[in-house]
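One structure is given below, encoded as C-alpha cells.
The structure displayed is predicted, hence computed values, not measured ones. No hydrogens, no waters, no symmetry mates; every other heavy atom, side chains included, goes into these values. Letters A, B, ... mirror the listed sequences (proteins, then strands); counts begin at 1.
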There are 2 protein chains.
Amino acid sequence: MLVTDDDRKTWQTVQDEVRLRISQRVWKPGDLIPHEADLATEFGCARATVNRALRGLADAGLLERRRKAGTRVALNPVRRAEFSIPVIREEIEGRGQRYGYKIFLREMRVPPPDVQARLQLDGTQPILHLQTLYTADNRPYVFETRWINSIAVPDVLSAEFEKLSPNEWLVREVAFDGGDFTFSGIAATEQEAAVLGCKLGEGLLVLDRTTRQADRMITSVRLLFHPGYRMHTRC
Amino acid sequence: MLVTDDDRKTWQTVQDEVRLRISQRVWKPGDLIPHEADLATEFGCARATVNRALRGLADAGLLERRRKAGTRVALNPVRRAEFSIPVIREEIEGRGQRYGYKIFLREMRVPPPDVQARLQLDGTQPILHLQTLYTADNRPYVFETRWINSIAVPDVLSAEFEKLSPNEWLVREVAFDGGDFTFSGIAATEQEAAVLGCKLGEGLLVLDRTTRQADRMITSVRLLFHPGYRMHTRC
DNA sequence: ATTATGTTTATGTATATACATATTAACCTG
DNA sequence: CAGGTTAATATGTATATACATAAACATAAT
C-alpha cells in the first residue's frame with residue numbers, strides 16, 4: 001500500500017505536536033504540561049526523545065522548565081528576532097549586484113571618547129582609523145567608519161586592504177567571540193549625504209558594532225546604510 | 001586535598017574545550033576537526049556527549065557538519081545578533097520608568113496597499129486601525145501604528161484597551177507563531193515630530209513587524225521610536 | 001565517458017539504564 | 001509553630017548500543 005505508515009517517533013514529531021498544542025491553546029500560557037515520562041508513554045517513545053523535543057522548545061523560549069517543578073508554557077513567549085550579520089560583500093553579491101569598496105581615509109589617531117570606552121582604551125594611544133564606502137552596482141551601499149585596536153591586532157598595520165576589505169580582512173584574520181550590536185536612526189548630515197549620494201536630512205539606519213576576542217576589544221564599527229535600506233529577518 | 005579533581009566530562013566541558021581550540025586557532029576556519037569517535041576517546045567520554053557538544057556549536061554557527069564529510073570550523077562564523085522583542089511596558093518598567101500609553105486613533109479602515117500585502121487581504125475589507133503613543137515617565141517613547149486583522153481576530157473589536165495596551169492585549173489573546181521584522185531609519189515628518197515631541201527631520205529608528213499564527217496574518221505594526229533610541233543586543 | 005550501483009563512513013537519532021541535581025513537599029524536633 | 005532535616009520527584013546528563021541517513025568514493029554496466 002502507498003500509505004506511509006511512518007509511526008516512527010522522532011524528537012521532531014514530538015516537538016511539532018507539542019508546538020501545535022501550544023499554538024492551538026490545548027496547553028495555554030502558564031499551564032503545566034505533563035511530565036516527560038507521561039509524554040513518552042503517550043507518544044510511545046523514550047523519555048530521552050521527549051527531553052530532546054522539550055529542551056528545544058525551552059531554548060526557543062516557548063516553554064519554561066524547572067527541575068521537580070515541571071514544564072510549563074511560557075507566559076510571554078520571549079519573541080526573539082535573529083539577524084544574521086553577513087559579510088558585506090556576500091550580502092551585496094547575494095542580491096546579484098556588483099560589489100565594490102573604496103577606502104576614503106586611513107590614519108592613526110586617538111579615537112573619540114565613545115569609541116575609547118567601547119574599545120577599553122586609555123585615551124592616549126592612537127589606533128587605526130578607516131573610512132570605507134561599500135558600493136553595490138557602483139551605487140553607495142553602506143558607509144563604514146571603523147576603529148581597529150591595532151595594539152591587540154598589530155598585523156592590521158601591514159594590511160593593504162586592496163583585495164580584501166577591512167571587513168573581510170578582520171573576519172579572516174581574527175577569531176571573534178562576541179560583541180555588541182546597536183541599531184539606531186539618524187538624519188544624514190551634509191557630509192554623510194555627500195558620501196552616500198543622498199539628500200541632506202534623509203533618514204538612515206545605523207548599526208554600531210563592537211567585537212571582541214577573549215576579552216580583548218578588537219574593533220568598533222559604525223555602518224551607515226544608504227537611504228531606504230531595510231534590515232530584515234523572520235522568526 | 002583541595003584540588004577539585006572533577007574529571008567528569010560533561011558536554012559543556014567538551015564544548016568549552018572545542019570553542020577554545022577554535023578561538024585560539026588550534027583548529028582554523030575551514031579545518032576539518034577530528035570526528036566524534038576520536039574526540040570521544042580523547043576526552044574520555046561517550047560519542048553521544050561529543051555529539052551534544054558539537055551539535056550546539058553547529059547550531060551557533062561555529063561549526064559546519066555534514067554526514068560522511070565530517071565537521072569543520074565555519075569559514076565565516078555566521079554572526080547572529082539575537083534581539084528579544086519585549087512587551088513595551090516591560091521594556092519601559094525594566095528601566096525603572098513610569099509606563100503609560102494613549103490611544104490617538106481607533107477606526108475601521110481599508111488599509112493601504114503595503115499593509116494589505118503584508119496581511120494578505122484583498123483590498124475591500126476594512127480592519128481595525130490603531131495609533132498609540134507609549135510614554136516613559138510621561139515622555140514620548142514610541143509611536144505605534146497598528147493594523148489588526150479583525151477578520152481573523154474578531155474578539156479584538158470588543159477590546160477596550162483601557163487596562164491593556166493593544167500590544168499586550170494581542171500578546172495575551174493570540175498565540176503567535178512567527179513573523180517578520182524590518183529595521184529602517186527615517187527622518188521625522190512634521191506630524192511624527194509633533195507626536196514624538198521632537199524636531200522636524202530628526203532621525204528615527206523604525207521597526208516594522210508583521211505577526212502570524214498558523215498562516216493567518218494577524219497584525220502589522222510600525223513602531224517609531226523617539227530620537228536617540230537605541231536597540232541594543234550582545235552576542 | 002557517462003550513468004547506475006554499491007560500499008564505506010561520519011553524523012543523526014532512538015533507546016534503556018543509571019545517576020546527578022534542584023526543588024518541592026512532608027516530616028520531624030525543639 | 002518555626003526551623004531544619006529528609007524524602008520524593010521532575011528535569012538534566014552520561015553511557016552503551018543499535019540502527020538510520022547522507023554523502024563521498026569506488027566500481028561496474030551501459
Side-chain angles (χ1 to χ4, degrees), chain A residues 3-19 21-22 26-75 77-78, chain B residues 4-19 21-22 27-75 77-78:
Chain A
V3 176
T4 58
D5 62 335
D6 206 336
D7 275 359
R8 269 171 308 181
K9 354 74 194 166
T10 90
W11 65 270
Q12 290 273 6
T13 314
V14 177
Q15 195 174 78
D16 289 348
E17 176 59 25
V18 172
R19 190 175 258 126
R21 291 189 190 174
I22 292 170
V26 179
W27 295 329
K28 297 190 240 340
D31 280 5
L32 203 62
I33 76 172
H35 64 258
E36 294 184 344
D38 282 0
L39 288 174
T41 55
E42 184 195 334
F43 291 119
C45 66
R47 184 172 77 88
T49 307
V50 174
N51 183 282
R52 178 101 152 77
L54 297 188
R55 193 179 351 113
L57 293 172
D59 289 345
L62 264 99
L63 293 175
E64 276 165 16
R65 327 192 67 200
R66 268 167 53 230
R67 284 173 170 160
K68 163 78 184 180
T71 301
R72 51 184 68 237
V73 181
L75 272 169
V78 183
Chain B
T4 59
D5 61 335
D6 206 337
D7 276 359
R8 269 171 309 183
K9 356 68 194 169
T10 92
W11 65 271
Q12 291 273 6
T13 314
V14 177
Q15 195 173 77
D16 289 348
E17 175 60 23
V18 172
R19 190 175 259 129
R21 290 188 192 176
I22 293 170
W27 294 329
K28 296 190 242 337
D31 280 5
L32 203 63
I33 76 172
H35 64 258
E36 293 184 344
D38 281 0
L39 288 174
T41 55
E42 184 196 332
F43 290 119
C45 67
R47 184 171 78 90
T49 306
V50 174
N51 183 283
R52 178 99 154 78
L54 298 188
R55 196 185 344 119
L57 293 172
D59 289 345
L62 265 99
L63 294 175
E64 277 165 14
R65 326 192 67 200
R66 265 165 56 230
R67 283 174 168 158
K68 161 77 184 178
T71 300
R72 52 183 69 232
V73 180
L75 270 170
V78 184

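- Phosphate contact (OP1/OP2 of D/dT13, side-chain N/O of A/Asn51, threshold under 4.0 Å): absent.
- Remark: A/Thr71 is not in phosphate contact with D/dA10, judged by side-chain N or O atoms under 4.0 Å from OP1 or OP2.
- The residue A/Ala48 sits close to a base: some heavy atom pair falls under 4.0 Å.
- Whole-Å rounding puts the A/Ile33 CD1 to D/dA10 P distance at 13 Å.
- Taking atom CH2 of B/Trp11 as the reference point, atom C1' of C/dT21 lies 15 Å away to the nearest angstrom.
- In this entry the distance linking CZ of A/Phe43 with P of C/dA14 reads 13 Å, nearest Å.
- Among B/Thr13, B/Val50, B/Leu39, B/Thr10, the single residue meeting the side-chain contact (heavy atoms from CB on, under 4.5 Å) criterion with B/Cys45 is B/Val50.
- Between A/Arg66 and the phosphate of C/dT24, there is a side-chain N or O to OP1/OP2 separation shorter than 4.0 Å.
- The side chain of A/His35 lies closest to D/dT11 when the candidates are D/dT11, D/dA14, D/dT21.
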Begin with the C-alpha distance, continue with both residues' side-chain angles, and end with the deciding distance and a verdict on side-chain contact (heavy atoms from CB on, under 4.5 Å) for B/Val18 and B/Leu62. CA-CA 10 Å; B/Val18 172; B/Leu62 265 99; over 6 Å; no

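- Taking only side-chain atoms of B/Arg65, from C-beta outward, the nucleotide of D/dA14, C/dA22, C/dG12 with the closest atom is C/dG12.
- Proximity of B/Leu63 to B/Ile22: side-chain heavy atoms (C-beta onward) are separated by under 4.5 Å at one or more points.
- Between the P atom of D/dT13 and the CD atom of A/Glu36 lies a distance of 11 Å, rounded to the nearest Å.
- One can place CZ of B/Arg47 at 6 Å from C1' of C/dT11, the figure rounded to the nearest angstrom.
- No donor-acceptor contact under 3.5 Å links the side chain of B/Arg52 to the base of C/dG12.
- Of the candidate nucleotides D/dG12, D/dA24, C/dT13, D/dA24 has the atom lying nearest to any side-chain atom of B/Lys68.
- Without hydrogens or angle criteria, A/Arg65 side chain to A/Thr71 main chain gives no donor-acceptor distance under 3.5 Å.
- Taking the nucleotide of DNA chain D with the nearest heavy atom to each of A/Arg55 and A/Ala69, the more 5' of the two is matched to A/Ala69.
- One atom, CG of A/Leu32, and another, P of D/dA10, lie 10 Å apart when rounded to the nearest Å.
- In this structure the side chain of B/Lys28 never reaches within 4.5 angstrom of the side chain of B/Val73, judged on heavy atoms.
- Whole-Å rounding puts the B/Arg67 CZ to D/dC25 P distance at 18 Å.
- Neither OP1 nor OP2 of C/dT13 sits under 4.0 Å from any side-chain N or O of A/Thr49.
- Distance CZ (A/Arg72) to C1' (D/dA10): 13 Å, rounded to an integer number of Å.
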